[in-house]
Amino acid sequence: MSLVSEPDTTSYEDLLTLWGDLESSLGLLLTVPESVPDFAQKIRQYDRWLQDLLEEDADTGLYLLFQMAGTSIAGYSTTHALVCAALCHIIAQEVKLPREQRDSLIAAALTMNIAMTALQDELAEQRERPSVEQQSNIDAHSVKSCLLLARVGIQDELWLAVVASHHENLPLPVPGGTPDPGLRLTHILQVVDRYAAMISPRRSRVGKSVTDSLRVVIGASQGRQDDVAQVLVRRVGLCPPGTYVKLDNQDLAVVLRRTERANQPLVASLINARGEPYPQPRLYNTTRGDHRIQAAMPSHAVSLMINHTVMLQVARNHPPDML
């Protein structure tokens, strides 16, 4: 069912269309890379497109990306690449990566699985474990992706190195030190890749909540402080836009916008404690103490169709400082 009636939502319809166009265009590029003239230029164009959309409204971008990643397995490979690129962009801004390194990181995020795009979509749809042949291709995909990128004309050595090593067990960068650029970028991508993969459902398993995904990411740091994971929490939030939470009144809500506090976003209650959908979303700014978030919820906990255009328009009409 649709959550609410539809007001004038032209601007958000445009944003939704642009994000959808970016995803479909990127999907075509990743599916047939060797048939695309000026492949490197195309990737840079999609990077610019991504930046423009996030600059226009980063919370809307995160909302849509987390909804895509958490609620659907269709086009898994492309959605995962887009989510990873957006999170890498946000982290790169926070840690002030040099421009050339930032560009190489985003390009690597978009193309790290390019040699197994079709296989990754196939794996998301199947319930059984990978076959021997599939597992062999999974194990080799980092190197194969690097070689494929070289064949289509990529000469950016940092881009290629990060793609080739994004599944290797590399030492963590030393906090406060001057890390090797390749090691630093690979670590950022590994953190984001792991985090995004955990929240995404597959036919063989449901997605985890964002807090469970963060625990896995932090656990992989082997007890050491991980600056990248901290930046991810600080900039995206413990419960990013587009993810689901349970409030202290037992309502199920969707996060709409971040606030200045990582664990206190603007949320919209969708379902009450009895499991009944609200006719209209109930907005709460959790920084004001109206209600507190009790737990992050995986996407499968909410089986309600949401009109995203309407929800985003509601969020724009009620920014956190107005509630």
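Sequence positions, counted from 1, serve as the residue numbers for this chain.
Contact annotation: the side chain of Glu94 approaches that of Val231 to within less than 4.5 Å [non-hydrogen atoms, C-beta and beyond]. When side chains are defined from C-beta on, His166 counts as touching His141, because their heavy atoms get closer than 4.5 Å.
Looking at every heavy atom in both residues, Val228 comes nearest to His187 through CG2-CD2, 3.5 Å.
Under the ring pair (Phe, Tyr, Trp, His ring centres under 6.0 Å) criterion, His291 pairs with Tyr284, sequence neighbours left out.
The aromatic rings of Trp49 and Tyr46 are tilted relative to each other, their planes meeting at an angle between 30° and 60°.
Between the Gln190 side chain and the Glu168 main chain, a donor and an acceptor come within less than 3.5 Å of each other. The backbone N or O of Arg235 sits less than 3.5 Å from a side-chain atom of Arg258, completing a donor-acceptor pair. Between the Thr286 side chain and the Arg292 main chain, no donor and acceptor come within less than 3.5 Å of each other. Judged by distance alone, the side chain of Ser136 and the main-chain N or O of Val132 form no donor-acceptor pair under 3.5 Å. Side-chain N or O atoms of Asp121 include one that pairs as donor or acceptor with a backbone N or O of Tyr76 at under 3.5 Å.
One hydrophobic cluster, built from ILVMFWY side chains closer than 4.5 Å, holds both Leu62 and Ile91. Linking Ile, Leu, Val, Met, Phe, Trp and Tyr residues whenever their side-chain heavy atoms come within less than 4.5 Å places Val95 and Val191 in a single cluster. A continuous path of ILVMFWY side-chain contacts below 4.5 Å connects Leu304 to Met68, so both sit in one hydrophobic cluster.
The residue from Leu97, Leu110, Leu105, Val83 that alone fulfils the side chain to side chain contact (heavy atoms under 4.5 Å, CB included) condition with Cys88 is Leu105.
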Determine, step by step, whether Thr79 and Glu23 satisfy the side chain to side chain donor-acceptor pair (under 3.5 Å) criterion, reporting the C-alpha distance in whole Å, the side-chain angles of both residues, the deciding distance to 0.1 Å, and the verdict.
-> CA-CA 7 Å; Thr79 298; Glu23 183 189 23; 2.7 Å; yes
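Side chains of Gln264 and Thr287: no donor on one and acceptor on the other come within 3.5 Å.
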